[in-house]
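Everything on this sheet refers to the single structure shown next.
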Amino acid sequence: MNPLLSQVKIRILVLAGVCLLFAVALGWRFYHVQITRHAELLQKAKKGYTARRTEIKQRGKIYDADGYLLVGNLPKVYVSCSPYSVVIEPFAHMEKSLRPGVRERVPALRKRRRHMVSLLLARHFGGSAQEHYAALEPIVPCKDIHGKPLLDKEGKVTTRRNQHYVVIKAADPSAVKDFKADMKKADLHLGGFAFSNIFARHYPKGRMLANVIGYANTGKDVNAELGGLELTIGKQLRAEPGQAVYQHARGGSTLAYGDSKVLAEGYDGDDVYLTIKEPVQSILEEELDAAFAEHSVDAVYAVIVDPRTGNILAMSQRPNFDPDDTKTLDNSNMSNKIAVNAYEPGSVMKPFAVAKALDSGIITPETIVDCGSSPKWSYGGHSLHDPRGYGEMTPGGVLKKSSNIGTGKIALMMGDELVYNMLKTFKFGTRTRLPFASESPGILPRYPFPDKVTVTRAPIGYTVQVTALQLARGYCALANGGMMPALRLLDRRRKSSTGEFIEYPYEKMENIFTNPSTASAIVEMLVSVTAPDGTGKRAAIEGYEVAGKTGTAQKLVFDPVAKKRRYGNKYCASFCGFVPARNPALVMVISFDGVTGAVHGGGGVAAPVFKKTLSRVLRLLNVPPDFPEKLEKNAKRQFQN
């Protein structure tokens, strides 16, 4: 055989063997990749073109009884960025350049970019450019839980990449659009920025009903509910975002043939409708503003109720806050004082004692109560005082003149058990169960009474602490012929899933009078209180019969010298009443907490605000007057003038 042919043949066989081995190795590799690791590699590939989408949903809105929006949502944008990506990464490729002078330019370019981005952030999202510039520091020191820098073994401060800076939690979409346009115009790409669409809570009425509604901070990964209805009915209001996965093309568009699926449908929160009437609420807000500005007082709060249904038409307080401006939030104005503040109310409690004595047959409207010729009466080692000695009066006269001595003597006729029973009958010491997280039940004196004087003090509004809501409920019973309604604030709810309305139920009224004549007798007495010679004359409304009662109570304050609480020179001044007296449409309770000055009584401070407020509300609701001829004469007189 030719030696040359033999060498060629050997080479061919070796090459063929190598090719065969390569083919076997390649085949094994294909088998390993396509068969053995198919599932693993497919999942890795899917991660590159599969994304998760969150569909934002709206928190439930809050409306008044007539469908006027009180709380809603606004589309906003959550803007954040990675300072390291914004400042460092755009020039990372230049640091690898071998061209002379390129790498040396990088620090100046980064500083210039950081400065320009800071200016645009300040222009479109607020804050100062200096603040944004500082926040865009790309490399920051590592710190421990106490905020101290961490050091390495050589004593140098350790650092990390700054990957997260929240620019603004709720930016207007228009501001974001303008920011993006200006970034593009300045040739600053948006790498490192993230823009997330959200719904932010919006309170279009500002301070109106703020303490009733409360506040919710909703946004990206946030659902903080602070006080009021936002907290107590948060379960109905909360939304659940939808979740879906989808496959997309390189440009981000969804693939029509991709493997997409919905992980969670999500849902909007339910809308809730209150019993509040916004026009009535607006009147109350305006009058409380004027009263709070006029008097030296710690707080003033009021509630207006329809006694026939227990529906709360308006309730408010001063001071309060603006839920759209978190700077106005603090501990002094966040609580709902109408439900939380339990206080000694003074003489507004007297009608309950007189009504119970009438209903139990202890007294009649004609019973003579000897209030004495002296303004001072001693009993059980303590004394009660009146402005002067009123002598003999009927129970109606006792209420009309607000005699402490007369009420104390009626209470002695009743005895300890009946006085305590009176407090329980009118549900003092019992919450109204309105949707407020921290509603106070009030405080009743311990029974059996620990001393001789408690029986004379509880009926005049001392040794007992009540809330304005409890007083409103009690006066609803007096106005309603002894039928006590359960107070209502939530009227109906619209389910987001079906759109159907669900009514919050009315509770059955309780009849707290056993004597049919009690209701008319107590109304007659309370009407006399607003007569020209009554303590509540400044609550009288022209054309209407007004029934009500004034109340003035000294406040317990802490004496730092004696290191104990004692009665000081601050007062709780109140007026509770209803109108029209014989066919009541409105009950109002207004309390001034911590009022000082020469004029500090319920008749001089609270009664005029009752009159101003309900005069306007009666006209608004077109409630027929008791004496239309008086209104006509007054209208003619005003027209002639």
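All residue numbers refer to positions in the sequence shown, counting from 1. Predicted model only: the values in this text are computed from it and were never measured.
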Return the set of residues passing side chain to side chain donor-acceptor pair (under 3.5 Å) with Tyr215 (not counting sequence neighbours), or none when no residue passes. none

Just so I know, are the side chains of Met588 and Val617 near enough to count as touching, which here means a heavy-atom distance under 4.5 Å? no

Flag yes if more than 12 heavy atoms outside Glu417 fall under 6.0 Å of its CD atom; otherwise flag no. no

Just by distance, with hydrogens left out, do Lys537 and Thr530 show a side-chain donor and acceptor under 3.5 Å apart? no

Between Tyr567 and Glu344, do the side chains contain an N or O donor and an N or O acceptor separated by less than 3.5 Å? yes

Atom pair CG (Leu358) and CG (Asn515), whose distance is rounded to the nearest 0.5 Å: 8.0 Å

What's the separation between atom CD1 in Ile541 and atom NZ in Lys612, rounded to the nearest 0.5 Å? 12.5 Å

Looking at Tyr462, is Arg457 sitting on its ring face, NZ or CZ under 6.0 Å from the six-membered ring centre and within 45 degrees of the normal? no

Are the ring centres of Phe592 and Tyr571 closer than 6.0 Å? no

Salt-bridge test for Arg616 and Glu287: reply yes if a basic N is under 4.0 Å from a carboxylate O, no otherwise. yes

For the student: nearest non-hydrogen atoms of Ala411 and Thr456, plus distance: CB-CA, 4.3 Å

Which is it for Ser296 and Thr596 under the side chain to side chain donor-acceptor pair (under 3.5 Å) test, yes or no, and what are the steps along the way? CA-CA 6 Å; Ser296 177; Thr596 58; 3.2 Å; yes

Side chain to side chain donor-acceptor pair (under 3.5 Å) partners for Asp593, two or more places apart: Asn341, Lys555

Pairwise distance OG1(Thr407) to CG(Leu384) - rounded to 0.5 angstrom: 9.0 Å

For the side chain of Asp271 and the backbone of Lys61, is there at least one donor-acceptor N/O pair under 3.5 Å apart? yes

Nearest 0.5 Å, please: how far is CD in Glu545 from CZ in Phe578? 10.5 Å

With sequence neighbours excluded, what pairs up with Thr328 under the side-chain contact (heavy atoms from CB on, under 4.5 Å) test? Arg207, Phe321, Asp322, Asp325

Pair Asn404, His385: side-chain N/O donor-acceptor within cut-off below 3.5 Å: no

Arg493: partners by side-chain contact (heavy atoms from CB on, under 4.5 Å), with sequence neighbours left out: Gln236, Asp270, Val272, Lys495, Ile502, Tyr504

Show the nearest heavy-atom pair for residues Pro435 and Ile233, with the distance to one decimal. CB-CG2, 4.4 Å

Closest approach of Ala547 to Val523 (non-hydrogen atoms, all atoms of both residues): CB-O, 4.3 Å

Rounded to the nearest 0.5 Å, what separation is found between the OG1 atom of Thr309 and the OH atom of Tyr506? 5.0 Å

Taking every heavy atom of Ala339 against every heavy atom of Phe436, the minimum-distance pair comes out as CB-CD1, 3.7 Å

Report yes if some heavy atom in the side chain of Val305 is under 4.5 Å from a heavy atom in the side chain of Tyr475; otherwise report no. no

Could you tell me whether the side chain of Asn311 and the main chain of Thr275 form a donor-acceptor pair under 3.5 Å? no

I need the Ile312 CD1 to Ile304 CD1 distance, nearest 0.5 Å. 11.0 Å

Sub-3.5 Å donor-acceptor pair from the side chain of Ser360 to the main-chain atoms of Ala357, do we have one? no

Given 3.5 Å as the limit, does a donor-acceptor pair link the side chain of His295 with the main chain of Phe292, or not? no

Asp66 with Lys277: basic N within carboxylate O range, under 4.0 Å: yes

How are the rings of Tyr379 and Trp377 set relative to one another: parallel (under 30°), tilted (30 to 60°) or perpendicular (over 60°)? parallel

Scan side-chain atoms only and decide if Thr514 and Asp359 contain a donor-acceptor pair under the 3.5 Å cut-off. yes

I'd like to know if the side chain of Tyr544 reaches the main chain of Val623, judged simply by a donor and an acceptor atom lying under 3.5 Å from each other, with no hydrogens or angles considered. yes

Beyond-backbone contact of Leu614 with Val546, side-chain heavy atoms, under 4.5 angstrom: no

So do the side chains of Leu70 and Leu209 get within less than 4.5 Å of each other, counting heavy atoms only? yes

Check whether Asp491 reaches the backbone of Ala65 with its side chain - one donor and one acceptor, N or O, closer than 3.5 Å. no

Does Glu278 form a salt bridge (charged side-chain N to carboxylate O under 4.0 Å, His left out) with Lys205? I'd like the steps, not just the answer. CA-CA 10 Å; Glu278 187 188 330; Lys205 306 301 179 181; 3.1 Å; yes

Donor-acceptor pair, distance only, cut-off 3.5 Å: does the side chain of Gln554 make one with the backbone of Gly568? yes

Identify, with sequence neighbours excluded, every residue that meets side-chain contact (heavy atoms from CB on, under 4.5 Å) alongside Thr550. Thr535, Phe575

Is there a donor in the side chain of Thr518 and an acceptor in the side chain of Lys356, or the other way round, less than 3.5 Å apart? no

Compile the donor-acceptor pairs under 3.5 Å between side chains in residues 476-487 and protein atoms, sequence neighbours left out, one pair per line.
residue: Asn480; atom: ND2; partner: Pro307; partner atom: O; Å: 3.2
residue: Asn480; atom: ND2; partner: Met483; partner atom: O; Å: 3.3

Heavy-atom neighbours of Asn583 CG exceed 12 at 6.0 Å: no

Got a donor-acceptor contact below 3.5 angstrom from the Gln317 side chain to the Pro319 backbone? yes

Are Lys350 and Ile460 side-chain neighbours, meaning at least one heavy-atom pair lies under 4.5 Å? yes

Quick check: closest heavy atoms across Gly603 and Arg538, and the distance to 0.1 Å? O-CD, 3.6 Å

Between Phe428 and Phe352, is a ring pair (Phe, Tyr, Trp, His ring centres under 6.0 Å) present by the stated rule, with each step listed? CA-CA 11 Å; Phe428 295 110; Phe352 303 115; 5.1 Å; yes

So, Glu439 and Thr467: side-chain donor and acceptor under 3.5 Å apart, yes or no? no

Just so I know, are the side chains of Val71 and Arg59 near enough to count as touching, which here means a heavy-atom distance under 4.5 Å? no

Would you say that more than 12 heavy atoms from the other residues, nucleotides or ligands in this model lie under 6.0 Å from the CZ of Arg433, or not? no

Between Lys570 and Asp298, does any NZ, NE, NH1 or NH2 come within less than 4.0 Å of an OD or OE carboxylate oxygen? yes

I want to check something: taking the side chain as every heavy atom from C-beta on, are Arg201 and Glu230 in contact at a cut-off of under 4.5 Å? yes

State, without any angle test, whether Ser347 and Ser402 hold a side-chain donor-acceptor pair at a distance under 3.5 Å. yes

Given 3.5 Å as the limit, does a donor-acceptor pair link the side chain of Asp64 with the main chain of Tyr68, or not? yes

Could you report the tightest heavy-atom contact between Met525 and Gly396, atom names first, then the distance? CG-CA, 3.5 Å

Could you check whether any side-chain heavy atom of Leu231 comes within less than 4.5 Å of a side-chain heavy atom of Leu226, counting everything from C-beta outward? no

Would Arg318 and Tyr301 count as a cation-pi pair here, with the cationic atom under 6.0 angstrom from the ring centre and within 45° of the axis? no

Side chain to side chain contact (heavy atoms under 4.5 Å, CB included) between Thr367 and Thr394, intermediate numbers included: CA-CA 6 Å; Thr367 297; Thr394 63; over 6 Å; no

